[in-house]
Amino acid sequence: MKISDMKNLGAINEEKLNSVGIKSAEKLQSIGTEKAYLLVKDLVDDAACLHFLYALEGAIQDIPKKDLTDQQREELSQVYQYEKER
């Protein structure tokens with residue numbers, strides 16, 4: 001499956017993920033949210049935002065990012081804050 005066919009992710013995010021070697025939905029699922037985010041942030045888009053993290057997690061879970069639990073949002077927010085301060 002193409003990344004742009006996943007929930008929350010369109011063509012622009014697919015390009016970013018493809019440029020770091022993540023070229024399919026299956027590859028994204030195997031790599032996971034945090035690692036995919038870090039690859040994009042470190043190699044392609046230093047300004048990758050918290051909503052990109054939410055979008056990745058929602059895509060992997062096959063849910064709209066608005067349906068992430070408060071706990072999931074908090075965990076992702078902690079990853080984002082840590083990386084922002086790094």
Side-chain angles (χ1 to χ4, degrees):
M1 173 192 300
K2 289 178 21 178
I3 290 170
S4 59
D5 292 336
M6 298 175 81
K7 286 183 172 61
N8 312 308
L9 300 175
I12 292 172
N13 287 325
E14 181 175 44
E15 283 180 32
K16 290 178 184 181
L17 291 162
N18 285 341
S19 70
V20 297
I22 303 170
K23 299 188 182 275
S24 69
E26 295 78 17
K27 180 75 171 180
L28 176 57
Q29 291 165 331
S30 72
I31 285 180
T33 300
E34 189 173 337
K35 188 171 182 182
Y37 172 77
L38 293 175
L39 284 169
V40 169
K41 184 180 184 322
D42 291 344
L43 301 175
V44 178
D45 182 6
D46 186 48
C49 67
L50 179 59
H51 291 280
F52 180 57
L53 257 173
Y54 291 165
L56 288 170
E57 181 65 21
I60 287 171
Q61 292 187 35
D62 196 30
I63 61 172
K65 65 182 182 180
K66 68 179 181 63
D67 291 344
L68 294 171
T69 66
D70 290 340
Q71 180 178 348
Q72 290 168 318
R73 288 177 180 276
E74 179 60 31
E75 289 170 3
L76 294 170
S77 180
Q78 288 175 7
V79 169
Y80 175 76
Q81 285 296 74
Y82 176 79
E83 290 304 318
K84 186 175 168 185
E85 294 168 5
R86 183 169 69 103

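Predicted, not measured: the structure shown is a model, and the values here were computed from it.
Scanning both residues, Val44 and Ser19, for their nearest heavy atoms gives CG2-OG, 3.1 Å. Pairing each heavy atom of Lys66 with each of Arg73, the nearest pair is CA-NH2, 3.2 Å. Here the closest non-hydrogen pair linking Ala36 and Leu17 is CB-CD2, 4.2 Å. The nearest pair of heavy atoms linking Leu9 to Ala55 is CD2-CB, 3.9 Å.
Atom OG1 of residue Thr33 and atom CD of residue Gln72 lie 9.0 Å apart, to the nearest 0.5 angstrom. Rounded to the nearest 0.5 Å, atoms CD1 (Ile12) and OG (Ser4) are 11.5 Å apart. Once rounded to the nearest 0.5 Å, the distance linking NZ of Lys23 with NZ of Lys2 reads 13.5 Å. Leu28 contributes atom CG, which lies 4.0 Å from atom CD1 of Ile60 (distance to the nearest 0.5 angstrom).
Taking the side chain as every heavy atom from C-beta outward, Leu50 and Lys84 never approach each other to under 4.5 Å. Looking at Ile3 and Ile22, their side chains come closer than 4.5 Å, going by heavy atoms from C-beta outward. No side-chain heavy atom of Leu56 sits less than 4.5 Å from a side-chain heavy atom of Val40. For the pair Glu75/Glu57, no side-chain contact is recorded, criterion being any heavy-atom separation below 4.5 Å from C-beta on.
Paired with Val20 under the rule side-chain contact (heavy atoms from CB on, under 4.5 Å), one option of Ile31, Leu39, Asp42 passes, and it is Leu39.
Annotation: side-chain contact (heavy atoms from CB on, under 4.5 Å) contacts of Ser24 (sequence neighbours excluded): Glu26, Lys27.
Under the 3.5 Å distance criterion, the side-chain polar atoms of Asp62 are left unmatched by any main-chain donor or acceptor of Met6.
Environment of CG in Asp67: crowded, with over 12 heavy atoms of neighbouring residues, nucleotides or ligands closer than 6.0 Å. Within 6.0 Å of the CD atom in Gln78, the count of heavy atoms belonging to other residues, nucleotides or ligands exceeds 12. Within a 6.0 Å sphere centred on CD of Glu34, heavy atoms belonging to other residues, nucleotides or ligands number 12 at most.
Counting only residues at least two apart or on different chains, the ring pair (Phe, Tyr, Trp, His ring centres under 6.0 Å) pairs with a member in residues 42-67 are His51-Tyr54.
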Working for side chain to side chain contact (heavy atoms under 4.5 Å, CB included), residues Leu76 and Leu68
CA-CA 10 Å; Leu76 294 170; Leu68 294 171; 4.1 Å; yes
